[in-house]
Amino acid sequence: MNEIRVGGMRFALDLSQPLYEQVLEQVRSSIAKGEIALGEKIPSVREMAQALKINPNTVMRAYQELERDQLTETRRGQGTFITTDAGKVSHIRHRLAEEAVTEFLGRMNSLGFTAADIASILKAKGDGAK
Amino acid sequence: MKAAIKGEGLTKRYGKRKALDNFDIEVPEYAITAILGPNGAGKSTFMRMLTGLVAPDSGSLTVLGERPSWRQNRLVSYLPDRARWYQGQTVESAIEWGTKLLPEFRRDTAWELAGSLGLEADLETEGMSKGQEARLMLTLCLAREVPLLVLDEPFSGIDMISREKIVLALIDAFATRRQTVLICTHEIAETESLFDHAVFVKDGRAALSGGVEELRSRSGSMQDIYRSLYG
């Protein structure tokens, strides 16, 4: 998987998974990480499809979903822009953090650690980092 | 979702061999559909049926609601799997030829395409590489504003750079205009991200077909599926 940069955003697409979900998730995570700023214009469907070498319908579907979540807004004749609402961005950051924690807990559980074990490991790490 | 092409129970025999054996296909409008499969699976027989060159022994086939025939030339832009040029033809004279003779041919679009595909006006067809020939044929094919594009093996036997340029030109053309695109190919590497819909042909039948995103979530990449079907 090659990393492709498009207008500050980073993409790495895996052809064995639905591409639309990956484009959507990766734009969301670029917004959460601040790789693309609030109110900034995002590439057009055509530009994004060209850069990622994927079907424009796939990009369109991801863009429609972003718009439905109100993370982007389309201004007639000007293009599509990231929301200027910081609350919406903070909302995705929290959602992504929650997903990361769920994934982490799942892995720890599969290794046989209990919630108490995990807490003490995290505490020890935290103390070490101070 | 309306079908631009619909084939039901298509069968074609050559002697004892069935090139197509009860083949079903639906090509949705305004999408890029790929017919995939190795040589000899029945893809070319189907492509010849689409242009009306071969009639099925049984089954029915409609293209844009009609039975396929040469009359559909005004509605369908067909990219053949091999090139034929006149003596002394150049990129420029090929585009002039297209302007005079091909229905709905847009000269400006053709020059834009030739430019983005890296073809100089005075380049002669004699002495072109396979990749350059493929790019010129694609220029003539994509410059037509018709509802249906049918591309027969647009990627085979050409260099990586030509292939990438062709993929980008297709994305661009598809993003700009609402056309239905059918691509018949056995080259999946570097091209599968283009497809909305795929039909895998095996022994003259449709072994598997569906939306590419749904196929990905169920069975992985088109390359994975290709390997498991034909490997």
Side-chain angles (χ1 to χ4, degrees), chain A residues 1-7 9-30 41-69 72 74-81 99 103 106, chain B residues 1 27-34 36 112-113 116-117 149 155 160-161 163-183 187-198 210-228:
Chain A
M1 261 191 292
N2 296 329
E3 189 181 87
I4 303 165
R5 299 193 61 151
V6 191
M9 294 181 275
R10 293 158 201 270
F11 295 88
L13 299 179
D14 173 2
L15 292 171
S16 66
Q17 301 288 331
L19 296 178
Y20 134 82
E21 285 169 17
Q22 296 176 64
V23 172
L24 178 61
E25 275 315 310
Q26 292 173 28
V27 173
R28 272 185 189 145
S29 107
S30 287
K41 189 176 176 181
I42 61 171
S44 68
V45 167
R46 176 170 159 235
E47 288 161 348
M48 185 62 95
Q50 283 263 359
L52 299 177
K53 298 198 179 77
I54 63 174
N55 190 302
N57 286 339
T58 311
V59 177
M60 185 106 75
R61 206 169 141 199
Y63 276 21
Q64 281 166 350
E65 186 82 15
L66 289 168
E67 184 120 7
R68 232 186 37 164
D69 289 350
T72 58
T74 300
R75 292 178 214 148
R76 197 177 283 253
Q78 293 182 57
T80 302
F81 298 80
E99 281 172 17
E103 191 197 325
Chain B
M1 191 176 67
V27 175
E29 272 189 327
Y30 311 127
I32 302 182
T33 297
L36 306 170
E112 260 171 52
L113 281 160
S116 66
L117 288 165
L149 302 179
F155 310 111
M160 189 187 80
I161 301 296
R163 191 181 302 188
E164 282 182 356
K165 284 186 171 150
I166 287 175
V167 167
L168 289 179
L170 278 169
I171 292 174
D172 209 38
F174 189 70
T176 326
R177 283 179 257 151
R178 273 168 72 75
Q179 284 172 312
T180 302
V181 184
L182 178 67
I183 300 177
E187 311 267 346
I188 311 191
E190 300 144 55
T191 62
E192 70 162 87
S193 54
L194 266 183
F195 311 141
D196 285 296
H197 199 84
V212 168
E213 293 279 78
E214 284 73 33
L215 291 173
R216 280 195 184 104
S217 66
R218 257 190 291 148
S219 322
S221 71
M222 298 309 102
Q223 284 199 66
D224 296 338
I225 297 174
Y226 198 94
R227 277 194 201 98
S228 71

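Residue numbers begin at 1 in each chain, while the letters A, B, ... track the order of the sequences.
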Item to check | Partner of Leu24(A) by side-chain contact (heavy atoms from CB on, under 4.5 Å), out of Arg28(A), Gln22(A), Glu21(A) | outcome: Arg28(A)
Next on the checklist: Report which part of Leu168(B) has an atom under 4.5 Å of a heavy atom belonging to chain A: side chain, backbone, both, or neither.
Outcome noted: both
Checklist entry - Side chain, backbone, both or neither: which part of Gln17(A) has a heavy atom under 4.5 Å from chain B? => result backbone
Next on the checklist: Out of Ser44(A), Pro18(A), Pro56(A), return the one with the most heavy atom pairs under 4.5 angstrom to chain B.
Outcome noted: Pro18(A)
Checklist entry - Most heavy-atom pairs under 4.5 angstrom with chain A, which of Thr176(B), Asp172(B), Asp224(B), Leu170(B)? => result Asp172(B)
Next on the checklist: Using side chain to side chain donor-acceptor pair (under 3.5 Å), reason through Glu67(A) and Thr80(A) one step at a time and then give a plain yes or no.
Outcome noted: CA-CA 9 Å; Glu67(A) 184 120 7; Thr80(A) 302; 5.0 Å; no
Checklist entry - Above 12 or not: heavy atoms from other molecules or residues under 6.0 Å from CZ of Arg178(B)? => result no
Checklist entry - About how many Å separate OG of Ser193(B) and CG of Leu13(A), when rounded to the nearest 0.5 Å? => result 8.5 Å
